[in-house]
Amino acid sequence: AFVEGRNGDCGWFNVSSHIRIPQSDSLRITSDMTLAAWIQPLQLSDLHAIIDKDYEFNGYNLYTDGAGIHMRINSSALTAGSVSTSRWHHVGGVYTGGKIRIFVDGQQRGETDAGVLINRDKDVYLGVWGPPGYFTRFYVGYMDDVRIYNRALTPNEMRWLGEDAQ
């Protein structure tokens with residue numbers, strides 16, 4: 001469902017909703033990349049998918065993990081930073097040079113080593129994880145301005161995207 005968001009309409013997700021983006025060459029990223037979104041989660045227990053294109057640990061995703069933000073590139077993962085249910089947050093994960101970096105509200109909150117990105121032909125899902133028919137890790141809350149870049153945004157670009165965090 002779409003409701004009033006940060007800037008116009010945004011997606012409202014619950015345990016029975018998600019958005020499927022069909023596989024395309026532009027989403028078959030195998031090198032530097034950035035995942036980013038504005039979120040206001042209403043639930044922060046366990047893992048909840050924001051952006052997911054991961055199957056059997058081949059691909060990429062961005063989640064909330066409790067109050068933390070979690071990015072996975074194949075079997076490499078990092079959880080860092082924190083968000084709350086009381087306001088909008090800009091969250092992002094950058095993969096570059098064999099590193100995963102997590103950003104929350106424009107500030108880098110963590111970094112770890114990561115392996116090579118293997119990317120299978122799979123659809124991208126917003127708000128859910130898993131193969132069709134077996135969905136889990138439902139995101140519950142609001143999501144706006146979701147972005148997938150086929151390049152690594154710089155820390156200054158991530159700061160700019162998140163600069164008007166409340």
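From a predicted model like this one, the values you see are computed outputs, not experimental measurements. Keep in mind that the numbers below use all heavy atoms, side chains included, and drop hydrogens, waters and symmetry copies.
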Inset, instruction - Answer yes or no: is there an ion pair linking Asp123 with Lys53, defined by an N-O contact shorter than 4.0 Å? - result: no

Legend entry - Test item: Val140 and Val15 side chains (from C-beta on) under 4.5 Å apart, heavy atoms: yes

Inset, instruction - Report whether Tyr95 and Ile69 are members of the same hydrophobic cluster (ILVMFWY, side-chain heavy atoms less than 4.5 Å apart, transitive linking). - result: yes

Inset, instruction - Work out which heavy atom in Leu117 is nearest to a heavy atom in Gly59; give both atom names and the distance. - result: CD1-O, 3.3 Å

Inset, instruction - Give the cluster check for Phe138 versus Leu44: same hydrophobic cluster or not, with ILVMFWY residues linked at side-chain heavy-atom distances below 4.5 Å. - result: no

Legend entry - Min side-chain heavy-atom separation His48-Arg137 under 4.5 Å: no

Legend entry - Where at least one partner belongs to residues 96-124, residue pairs that pass ring-ring contact (aromatic ring centres under 6.0 Å, His included), sequence neighbours excluded: none

Legend entry - Apart from Trp129 itself, residues in the same hydrophobic cluster as defined by side-chain heavy atoms under 4.5 Å: Leu47, Tyr63

Legend entry - Tyr125: ring pair (Phe, Tyr, Trp, His ring centres under 6.0 Å) partners, not counting sequence neighbours: His18, Phe135

Legend entry - Test log, rule salt bridge (charged side-chain N to carboxylate O under 4.0 Å, His left out), inputs Arg159 and Asp105: CA-CA 7 Å; Arg159 191 170 17 266; Asp105 296 332; over 6 Å; no

Inset, instruction - Please determine if Arg6 and Asp145 form a salt bridge, counting it only when a charged side-chain N lies under 4.0 Å from a carboxylate O. - result: no

Inset, instruction - Check the angle between the aromatic planes of Trp38 and His90 and answer parallel, tilted or perpendicular using the 30° and 60° thresholds. - result: perpendicular

Inset, instruction - For the residue pair Asn156 and Thr154, confirm or rule out a side-chain donor-acceptor distance under 3.5 Å. - result: no

Legend entry - Single-linkage hydrophobic cluster Leu62~Ile148, side-chain heavy atoms < 4.5 angstrom: yes

Legend entry - Criterion side-chain contact (heavy atoms from CB on, under 4.5 Å) against Asn61, the qualifying member of Ile50, Asp54, Ile73: Asp54

Inset, instruction - Taking the side chain as every heavy atom from C-beta outward, state whether Met158 and Val94 have any atom pair closer than 4.5 Å. - result: yes

Inset, instruction - Indicate yes or no: does Asp52 engage Lys122 in a salt bridge with an N to O separation below 4.0 Å. - result: yes

Legend entry - Student check: side-chain heavy atoms of Ile39 and Thr64 closer than 4.5 Å: yes

Legend entry - For Ala152 against Thr96, the heavy-atom pair lying closest together: CB-CB, 3.4 Å

Legend entry - Side chains of Tyr139 and Pro41 in contact at under 4.5 Å (non-hydrogen atoms): yes

Legend entry - Test log, rule side chain to side chain donor-acceptor pair (under 3.5 Å), inputs Ser76 and Asn74: CA-CA 6 Å; Ser76 302; Asn74 297 336; over 6 Å; no

Legend entry - For Ser84, side chain to side chain donor-acceptor pair (under 3.5 Å) partners two or more places apart: Ser86, His89

Inset, instruction - Would you mind reporting whether Cys10 and Val3 have side-chain heavy atoms less than 4.5 Å apart? - result: yes

Inset, instruction - Calculate, to the nearest 0.5 Å, the distance between atoms CZ and CG belonging to Arg72 and Leu35 respectively. - result: 13.5 Å

Legend entry - Test item: Gln43 and Thr85 side chains (from C-beta on) under 4.5 Å apart, heavy atoms: no

Legend entry - Ile51 with Met33, same ILVMFWY side-chain cluster at under 4.5 Å: yes

Inset, instruction - Only counting residues at least two apart or in another chain, list the ones meeting side chain to side chain contact (heavy atoms under 4.5 Å, CB included) with Ser26. - result: Ser24

Legend entry - Counterpart residues, side chain to side chain contact (heavy atoms under 4.5 Å, CB included), relative to Ile21 (two or more places apart): Ile19, Leu27, Val124, Leu126

Legend entry - Hydrophobic cluster membership, Leu153 vs Tyr60, 4.5 Å side-chain cutoff: no

